[in-house]
Amino acid sequence: MSGLEIERKFLVKKGSAYRSAAFSCKHIRQGYIPADGVTVRIRLSDETAFLTIKGKPIDGGLTRYEFEKEITVDEAEHLLELCRGGLIDKHRYLVKSPDGRHTFEVDEFHGDNDGLVMAEVELSSPDEPYEKPDFIGPEVTGDRRFYNKHMLKYPFSVWRDTLPEEYR
């Protein structure tokens, strides 16, 4: 897949509401290969793997170019060895919006980012309306602290106290 990715990011309130609402859950490990001007990500999700290249964010972090290609698990394991700064480890829960028109990807982070839970929803246009599940909190689209690549260098464990208690 390639094209523009339009997504909004949100904090998720403490509790397990997103888990009980989920229709799917996967374990994800991902890392980043050093590159200037773009983000090169290797993701291993259960028994599937992807190479993704993302351009610089525009529209306050709402939109950016994305190229994604499925690769073999063996290729991903080897490419993960080229990644620098460690790996992001998380579980991803898929949850339908109350109206059933959108799917929210809810990421529950582990390791140095343990305690952080965020949700993303992909849209077809920046002004597309969407309905949020009750457990979705404030929007953090464009806030670098919540970019997975950024969290490798500045993990949630370092800045968790900057968030209200209900989101950590």
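If you read the sequence from its start, that first residue is 1, and numbering goes on from there. Reckoned from all heavy atoms, side chains included, excluding hydrogens, waters and symmetry mates.
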Check your understanding: Are more than 12 heavy atoms from other residues, nucleotides or ligands located less than 6.0 Å from atom CG of D134?
Key -> no

For [X], salt bridge (Lys or Arg N to Asp or Glu O under 4.0 Å) partners two or more places apart:
| X | answer |
| --- | --- |
| E77 | R29 |
| R64 | E5 |
| E7 | none |

Practice item. Provide the full list of ring-ring contact (aromatic ring centres under 6.0 Å, His included) pairs with a residue in residues 96-118, sequence neighbours left out, each pair given once. Key: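 Every pair satisfying ring-ring contact (aromatic ring centres under 6.0 Å, His included) with a residue in residues 96-118: H91-H110.
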
Do [X] and [Y] have side-chain N/O donor and acceptor atoms under 3.5 Å apart?
| X | Y | result |
| --- | --- | --- |
| T141 | K9 | no |
| K90 | N148 | yes |
| S97 | E131 | no |

Could you list the residues that satisfy side chain to side chain contact (heavy atoms under 4.5 Å, CB included) with [X], not counting sequence neighbours?
| X | result |
| --- | --- |
| I58 | T63 |
| I53 | V38, V40, F67 |
| S16 | R19 |
| S20 | none |

Check your understanding: When you check the gap from the basic side-chain N to the acidic O, do E68 and R41 get nearer than 4.0 Å?
Key ->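 A salt bridge is present here (some side-chain N lies under 4.0 Å from a carboxylate O).
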
**Study point:** Sequence-distant partners of H78, ring-ring contact (aromatic ring centres under 6.0 Å, His included), two or more places apart
**Key:** none

**Study point:** Residues in ring-ring contact (aromatic ring centres under 6.0 Å, His included) contact with Y18, at least two apart in sequence or another chain
**Key:**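 Per chain and number, Y18 pairs via ring-ring contact (aromatic ring centres under 6.0 Å, His included) with Y93.
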
Which pairs would a plain distance check flag for residues 151-165, meaning a side-chain donor or acceptor within less than 3.5 Å of a matching protein atom at least two apart in sequence or in another chain?
{"residue": "S157", "atom": "OG", "partner": "D112", "partner atom": "O", "Å": "3.3"}
{"residue": "W159", "atom": "NE1", "partner": "Y154", "partner atom": "O", "Å": "2.9"}
{"residue": "W159", "atom": "NE1", "partner": "P155", "partner atom": "O", "Å": "3.2"}
{"residue": "R160", "atom": "NH1", "partner": "D114", "partner atom": "O", "Å": "3.1"}
{"residue": "D161", "atom": "OD1", "partner": "R168", "partner atom": "NH1", "Å": "3.1"}
{"residue": "T162", "atom": "OG1", "partner": "R145", "partner atom": "NH1", "Å": "3.1"}
{"residue": "T162", "atom": "OG1", "partner": "W159", "partner atom": "O", "Å": "2.7"}
{"residue": "E165", "atom": "OE2", "partner": "K14", "partner atom": "NZ", "Å": "2.7"}

Check your understanding: With sequence neighbours left out, what residues match S125 under side-chain hydrogen bond (donor to acceptor under 3.5 Å, both in side chains)?
Key -> D127

